[in-house]
Amino acid sequence: MSANTCRYRPGLRHWHPLLASRALGRKPIARTLAGERLVLFRTAGGRAAAVAETCPHRRMSLAAGRVRGDQLVCTYHGWSFDPEGAIRCPLMPSQALRHQAYQVREAHGLIWIRKSEPSTSPDPASQAPDPNPPLPSWDTGGLALAGVAFHTVPAPLELTLDNFTEVEHTSTIHQVFGFSEPQAIEHRLELEPAATRVWNNGPQKAFPPLFNGFIDNRPGDTFANDWITTFDPLLTVYDQTWTGPSGRLRRFRLKVVMFFVPIDDTTTQLTTFVYSPKVLPGRLHRWLAAPIIKAVTAHELNLDVWALAQLADLDTELTPRMLGPLDRVLLENRRRLKPAYLAEPER
Ligand code: FES
Ligand SMILES: [Fe+2]
């Protein structure tokens with residue numbers, strides 16, 4: 001795919017969590033982000049860096065290169081690239097050549113990427129370097145991280161977001177976290193210029209016995225969702241709680257922070273942080289409960305991926321008269337997605 005044809009390319013100006021820090025050793029790794037093929041590498045000093053994959057000399061993949069000091073060395077003719085994109089060419093040492101480099105940060109155990117493009121405006125007032133937005137942050141609500149999951153969805157960003165902001169499908173697709181009766185769901189939608197928020201309340205499906213072993217939730221509980229979606233980058237924070245028949249809030253709750261990372265026009269990566277209370281004492285929680293909570297959540301996300309893989313076509317247009325009462329947020333998300341991912345920023 002050509003870099004210029006990916007319609008989410010404007011979204012590269014946002015920070016995206018692309019892969020786990022521990023996945024990047026001394027061997028360069030090729031990845032695609034919003035249609036742009038890039039190579040990540042780690043310098044001898046441990047700094048993570050990313051440059052465009054194609055060597056500008058004679059088009060060798062820099063993923064086949066090797067790291068020497070703070071340079072990524074192309075395996076074909078030995079040109080080398082530093083993390084800022086400065087090129088050293090053995091036969092033209094005085095030439096000031098540059099290659100596309102990406103901004104890279106490491107936080108929360110992940111590697112985050114964004115692209116800062118120089119202004120092309122003739123207005124001198126706009127010649128300042130692009131702002132360097134802070135990495136996204138979120139409130140963990142005092143919960144413990146159960147794990148981070150990665151999923152690759154064979155669907156465009158819009159259709160992937162559609163799935164993860166409506167709950168109607170939780171009755172049919174999901175096995176654990178879902179409503180037993182969609183017609184009994186109370187639903188509320190709140191709109192802000194930069195965010196959408198949905199609340200859903202209704203009867204929870206029966207949990208599988210294994211899961212019931214260490215959480216206090218029970219069949220017949222009310223399942224409550226509070227989901228907030230923001231768009232710079234595209235991110236949904238899911239707060240999920242359960243209430244028993246007596247009206248008492250259960251101790252077990254689940255917080256999921258999901259980044260929607262556009263890979264290309266028809267592929268989206270989900271990078272998902274899963275949080276819960278500590279349900280077992282001491283290290284037992286970290287070694288036993290946390291992996292199970294993460295695995296159950298990842299399993300539920302696999303079901304979403306399966307559902308999205310069955311879409312008969314990947315047209316992102318919605319037909320308003322075919323949308324149900326739980327789908328109203330989809331149209332609102334479309335409106336906010338456009339300036340964030342589909343329109344070039346004003347210069
Ligand atoms: S193709 Fe990379 S140095 Fe020649
Ligand atoms: Fe789902």
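Since the structure is predicted, the reported quantities are computational estimates derived from the model, not experimental observations. Every number for a ligand or one of its atoms is a count from 1 in the order of the listing.
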### Task
Go through the steps for F260 and H14 under the test ring pair (Phe, Tyr, Trp, His ring centres under 6.0 Å), then give the verdict.
CA-CA 11 Å; F260 299 82; H14 306 304; over 10 Å; no

### Query
In the hydrophobic clustering that connects Ile, Leu, Val, Met, Phe, Trp and Tyr at side-chain heavy-atom distances below 4.5 Å, which members other than V73 occupy its cluster, ordered by chain and number?
none

### Query
Taking 2.8 Å as the cut-off, does an N/O/S atom of D304 lie below it from the Fe ion (ligand 2)?
yes

### Message
Whether the W227 and Q240 side chains hold a donor-acceptor pair (N or O, under 3.5 Å, no angle test) is what I'd like checked.
### Response
yes

### Query
Under the side-chain contact (heavy atoms from CB on, under 4.5 Å) criterion, do L254 and W242 qualify, and how do the steps go?
CA-CA 9 Å; L254 198 65; W242 289 265; 4.2 Å; yes

#### Entry: pair H99-L62: side-chain heavy atoms closer than 4.5 Å
yes

### Close side-chain approach of V305 and T160, heavy atoms under 4.5 Å
no

### Query
So which protein N/O/S atoms does atom 4 (Fe) of ligand 1 have within less than 2.8 Å?
H57 ND1, H77 ND1

